[in-house]
S.K.: 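Please see the structure below; I have some questions.
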Amino acid sequence: MVHLEHPTQIGILGGMTAEEALRLLRIGAVEIIPQEDLFKKLQSEKKLTVKLGLDPTRPDIHIGHAVVLRKMRQFQELGHKVVLIIGDFTAMIGDPSGRSKTRPPLTLEETRANAKSYVEQVGKILITSDKERFELRYNSEWLENLGFKEVIKLTSLLTVAQMLEREDFKKRYSEGVPISIHEFLYPFAQGYDSVPIACDVEMGGTDQKFNLLVGREVQEAYGLEKQVAFIMPLLVGGDGQKMSKSLDNYIGITEEPSEVFRKLMKIEDPYLQTYFELCTDLTPEEIKEVMEKGGPVGAHRVLARLVAGAYAQELIPSRLDKAFYQSLGYSWDAHGHDQEGTAPVVQQAEARYYEIAHGGIPNEMPEVTLHPGELHEGKIAIARLFTLAGLTASNGEARRLIEQKGLRLDGEVLFDPKMEVALDRPRVLQRGKDRFVRVVPD
RNA sequence: GGGUAGGUGGCCGAGUGGUUAAAGGCGACAGACUGUAAAUCUGUUCUCUCCGGAGUACGGCGGUUCGAAUCCGCCCCUGCCCA
């Protein structure tokens, strides 16, 4: 079984000097503004408050978030406290960062509903059970009843010109794309979040730089010590596009290991290096070695094993390094060519991947039960079957795909769009290479 | 408040009375080729279909017309200029 780091081990880094801590924290960071302030805060030996604001409009945490969360885990292991702010109030504005359109606003109720699953997911990376190390807050707590007077105080901190200097606003403005005034309020709201919690370090991706810096101004206006803006790189999807749930480039941290494995194997070659850098703790030398010795395919395999293996754990190990790779039972020398891992989850994920790659049908797949009312004399039209199974959006699409040899039934390529299928036993439906559903009669 | 230009399929964008389910591009999907990569090539891309067709669709509502994305009226929304 895979070695699972015991919670009592957390805090083992607490004995580090400020220099050592800074050296560790800097790894992987894009920018720390200002780094001297972080050093001073670390030297002060007080427990630092490290904040991350999460937008509860989309309920899933993906491996892009994990880049930031893993860094925060380091802070926790150094003895500091993470405060997760669920932006239930700010979600009504919608973060304009990187956006080219105004976001549709959400109600408090809608956003609250999403927040709960967030915490569960974040718990895979952060230590959430220890109140000294973790706290969850909703920003409606202080923003909802913030008076207009305070809003004026906040908004007087920045000028319109400064706002429009932001790349996303600048672009929208010059292209004539609408910007609502309330979107200007977002950075202030996020910045104000740092006041009631007396934030020392605010974490964010590169797209958050502006917002993080506003937090400093806001804290100063409220007589607090300014926070450090800790900026981590943004992980793009495996195809170089923004990671998006509607595309297949999105890897959720609670997805099945086999899915994580599959998606990591699909990462386009030019982004492989970045994934190693952001999602693992291999040294640059080790990454180079893996890439050279394993080639693109072998390197993909090492990455997929490491990350899928780590994410399969209840609590993701704090270091995804060579030692962890070996703890999964793989020999480092082989760089991905062997398949002799001893960690069952990874083995299964890998086996499933290769089974499908060689045209096989996996054992594990989503199951759909068909209502008996859909059957006519025990049979159902093939197109309707695929649509009911959720593999096609419409019967027409199913017919088209059949004409294009894109659908299979029990492994056999379908050719007749008018075919009727008897459902006296479970049947395996397949779309393309890797989408399967098993339909079982009720 | 005044003037002006606009609102078309997931996105961009053509289309000013019928031959328009709406050019073209992007994206997406399937196939070939591959490493379940990329690139390339081929096909598809509103819904239903007894494959003959039928239904719905061009911001909203109403009207003109045999017929409207296209003309008219009102409303909503957005850009730009002026105040």
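Just so it is clear: chains get the letters A, B, ... in the order the sequence lines come, proteins before strands, and each one is counted from 1.
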S.K.: side-chain hydrogen bond (donor to acceptor under 3.5 Å, both in side chains), that's the test. Do A:Q190 and A:Q208 meet it? Break it down for me.
M.R.: CA-CA 10 Å; A:Q190 182 173 338; A:Q208 289 295 314; 3.2 Å; yes
S.K.: What interatomic distance, in whole Å, is found between C1' of B:C29 and the corresponding atom of B:G60?
M.R.: 33 Å
S.K.: Please classify the nucleic acid contact of A:H358 as base, sugar-phosphate, or nothing, using heavy-atom distances under 4.0 Å.
M.R.: nothing
S.K.: Kindly say whether, by distance alone, the side chain of A:Q404 makes a donor-acceptor pair under 3.5 Å with the base of B:G31?
M.R.: no
S.K.: Ignoring the backbone of A:Y173, work out which of B:U47, B:C80, B:C33 is nearest its side chain.
M.R.: B:C80
S.K.: Quick one: is B:U49 close enough that its OP1 or OP2 comes under 4.0 Å of any side-chain N or O from A:R399?
M.R.: yes
S.K.: Report yes if at least one side-chain N or O of A:Q241 is closer than 4.0 Å to OP1 or OP2 of B:A28; otherwise report no.
M.R.: yes
S.K.: Please classify the glycosidic conformation of B:G55 as syn (within 90° of 0) or anti (everything else).
M.R.: anti
S.K.: Among B:C51, B:U36, B:C80, which is the nearest nucleotide to the side chain of A:K418?
M.R.: B:C51
S.K.: Just list the side-chain donor-acceptor pairs under 3.5 Å for residues 410-423 of chain A, sequence neighbours left out, or say none.
M.R.:
unit_1: A:D410; atom_1: OD1; unit_2: A:V428; atom_2: N; d: 2.8
unit_1: A:D410; atom_1: OD2; unit_2: A:R427; atom_2: NE; d: 2.7
unit_1: A:D410; atom_1: OD2; unit_2: A:R427; atom_2: NH2; d: 3.4
unit_1: A:D416; atom_1: OD1; unit_2: A:K418; atom_2: N; d: 3.0

S.K.: With RNA chain B as reference, determine whether A:G396 or A:D269 sits nearer its 5' end, using the nearest nucleotide of each.
M.R.: A:D269
S.K.: Using OP1 and OP2 only, check whether a side-chain N or O of A:S394 sits under 4.0 Å from B:C48.
M.R.: yes
S.K.: Side chain of A:L401: nearest nucleotide among B:U36, B:G35, B:A30?
M.R.: B:A30
S.K.: Choose from B:U36, B:U45, B:G35 the nucleotide whose nearest atom is closest to any side-chain atom of A:P296.
M.R.: B:G35
S.K.: In whole angstrom, what separates A:H337's NE2 from B:G35's C1'?
M.R.: 12 Å
S.K.: Verify the contact: side-chain N or O of A:N395 to OP1 or OP2 of B:U47, cut-off strictly under 4.0 Å; return yes or no.
M.R.: no
S.K.: Ignoring backbone atoms, establish whether A:R384 has a side-chain N or O less than 4.0 Å from OP1 or OP2 of B:U47.
M.R.: no
S.K.: Ignoring the backbone of A:P178, work out which of B:A30, B:A37, B:U78 is nearest its side chain.
M.R.: B:U78
S.K.: Using the rule side chain to side chain contact (heavy atoms under 4.5 Å, CB included), only one of A:N114, A:D88, A:L84 pairs with A:L54; which is it?
M.R.: A:L84
S.K.: Between A:E314 and A:K124, is there a salt bridge with N-O shorter than 4.0 Å?
M.R.: no
S.K.: If pairing requires Watson-Crick or G-U wobble contacts with both distances under 3.5 Å, which nucleotide is the partner of B:C61?
M.R.: B:G73
S.K.: Given that both distances must come in under 3.5 Å, which nucleotide forms a Watson-Crick or G-U wobble pair with B:C80?
M.R.: B:G3
S.K.: When you measure from the centre of the six-membered ring of A:F210, is the NZ or CZ of A:R166 closer than 6.0 Å and no more than 45° off the axis?
M.R.: yes
